[in-house]
A.B. asks: 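Supplied in structure tokens, the structure appears directly below.
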Amino acid sequence: EAGVTQFPSHSVIEKGQTVTLRCDPISGHDNLYWYRRVMGKEIKFLLHFVKESKQDESGMPNNRFLAERTGGTYSTLKVQPAELEDSGVYFCASSQVAGPGSGYTFGSGTRLTVV
Amino acid sequence: AQRVTQPEKLLSVFKGAPVELKCNYSYSGSPELFWYVQYSRQRLQLLLRHISRESIKGFTADLNKGETSFHLKKPFAQEEDSAMYYCALYYAGGTSYGKLTFGQGTILTVHP
């Protein structure tokens, strides 16, 4: 079974530019989650999709962040315009049933550096 | 609001020594607690969860509701245990039934 795939693995962009991160969940997993870890801080929840619908986006930091999951398959997270404080590692996870007890699998993460 | 605290950012032990990674949480309900591990250049993966009460790779963790703690223990550390360890809390409530709340993580280094 293929795991959760994220790309790019690394991205370095200048402040003010736009970056789009992509997450491909495990096939058949309706639930998809985005998290991020900024330097020195804990991993924080950003949002949760159930199929193509946003179930919980309480962790999205501001309106510079836009997440989509068209068709309920892969998801993208766009940061526009990027700021220095957006640097960190962005993780995606997916699960068949909501909640971490059901094969909640993480991707390898995308390391974003804004300079 | 729920919160997870891992007081040690770094923990170093020698091979064969006991190791304990501390985790405290605050939550008024009955959460589920987990330990996740991230080895070098690998993805975050589940190590163990309190409701299964199992031992994985020699690690155990007991949920102490009185002290609101979920410390991770291993009697004899191995070099391959060197990794970043995260304690995480999960609860299902309202519209939130999928998210994990993580601590800051503890980097464990086991010296030969």
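This one's a predicted model, so the numbers in the text were calculated from it and none came from an experiment.
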A.B. asks: Measuring from atom CZ of A:Arg37 to atom CD of B:Gln104, what distance do you get when rounded to the nearest 0.5 angstrom?
C.D. replies: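 Output value for this atom pair is 11.0 Å.
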A.B. asks: Is the number of heavy atoms from other residues, nucleotides or ligands within 6.0 Å of NZ (A:Lys44) greater than 12?
C.D. replies: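 No, not enclosed.
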A.B. asks: What are the two closest heavy atoms between B:Lys9 and A:Gly40, and how far apart are they?
C.D. replies: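 Residues B:Lys9 and A:Gly40, closest heavy atoms: NZ-O, 4.2 Å.
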A.B. asks: Kindly check if the number of other-residue, nucleotide or ligand heavy atoms within 6.0 Å of NZ (A:Lys54) is above 12?
C.D. replies: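 It does: A:Lys54 NZ has more than 12 such atoms within range.
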A.B. asks: Are A:Val19 and A:Val12 linked, directly or through intermediate hydrophobic residues, by side-chain heavy-atom contacts shorter than 4.5 Å (ILVMFWY only)?
C.D. replies: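 Each belongs to a different hydrophobic cluster.
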A.B. asks: Please state whether the side chain, the backbone, both or neither of B:Gln45 comes within less than 4.5 Å of a heavy atom of chain A.
C.D. replies: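 Contact with chain A: none, neither part.
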A.B. asks: Counting heavy-atom pairs under 4.5 Å with chain A, which one of B:Thr101, B:Leu44, B:Leu100, B:Val4 comes out on top?
C.D. replies: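 Of B:Thr101, B:Leu44, B:Leu100, B:Val4, B:Leu100 has the most heavy-atom pairs under 4.5 Å with chain A.
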A.B. asks: Is there a side-chain contact between A:Glu42 and B:Tyr86 (heavy atoms, below 4.5 Å)?
C.D. replies: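 Sidechains of B:Tyr86 and A:Glu42: no contact.
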A.B. asks: Just wondering, are more than 12 heavy atoms of other shown residues or ligands nearer than 6.0 Å to CZ in A:Arg64?
C.D. replies: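 It does: A:Arg64 CZ has more than 12 such atoms within range.
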A.B. asks: Membership question, hydrophobic clusters at under 4.5 Å side-chain separation (ILVMFWY): are A:Phe106 and A:Val89 in the same one?
C.D. replies: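 Yes, it is one cluster - the side chains of A:Val89 and A:Phe106 are joined through contacts under 4.5 Å.
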A.B. asks: Quick one: are B:Tyr90 and A:Tyr104 in side-chain contact, heavy atoms under 4.5 Å?
C.D. replies: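 B:Tyr90 vs A:Tyr104: side chains apart.
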A.B. asks: A:Ile43, A:Asn31, A:Val50, A:Leu46: which one forms the most heavy-atom pairs within less than 4.5 Å of chain B?
C.D. replies: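 The option with the most such pairs is A:Ile43.
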A.B. asks: Under the criterion side chain to side chain contact (heavy atoms under 4.5 Å, CB included), I'd like the reasoning laid out for A:Phe91 against B:Arg43: C-alpha separation, chi angles, the key distance, then a yes or no.
C.D. replies: CA-CA 9 Å; A:Phe91 294 99; B:Arg43 62 191 64 205; over 6 Å; no
A.B. asks: Taking OH in B:Tyr27 as the centre, count heavy atoms belonging to other residues, nucleotides or ligands within less than 6.0 Å. Is the count above 12?
C.D. replies: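 Counting other residues, nucleotides and ligands, OH of B:Tyr27 exceeds 12 neighbours.
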A.B. asks: Count the heavy atoms belonging to other residues, nucleotides or ligands that lie under 6.0 Å from OH of B:Tyr39, then report whether that count exceeds 12.
C.D. replies: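 More than 12 heavy atoms, drawn from other residues, nucleotides or ligands, come within 6.0 Å of this atom.
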A.B. asks: Can you measure from OG (A:Ser108) to CD (B:Gln42) and round to the nearest 0.5 angstrom?
C.D. replies: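 That separation rounds to 9.0 Å.
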A.B. asks: Would you check if the distance from the ring center of B:Phe102 to the ring center of A:Phe45 is below 6.0 Å?
C.D. replies: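 B:Phe102 vs A:Phe45: aromatic centres not under 6.0 Å.
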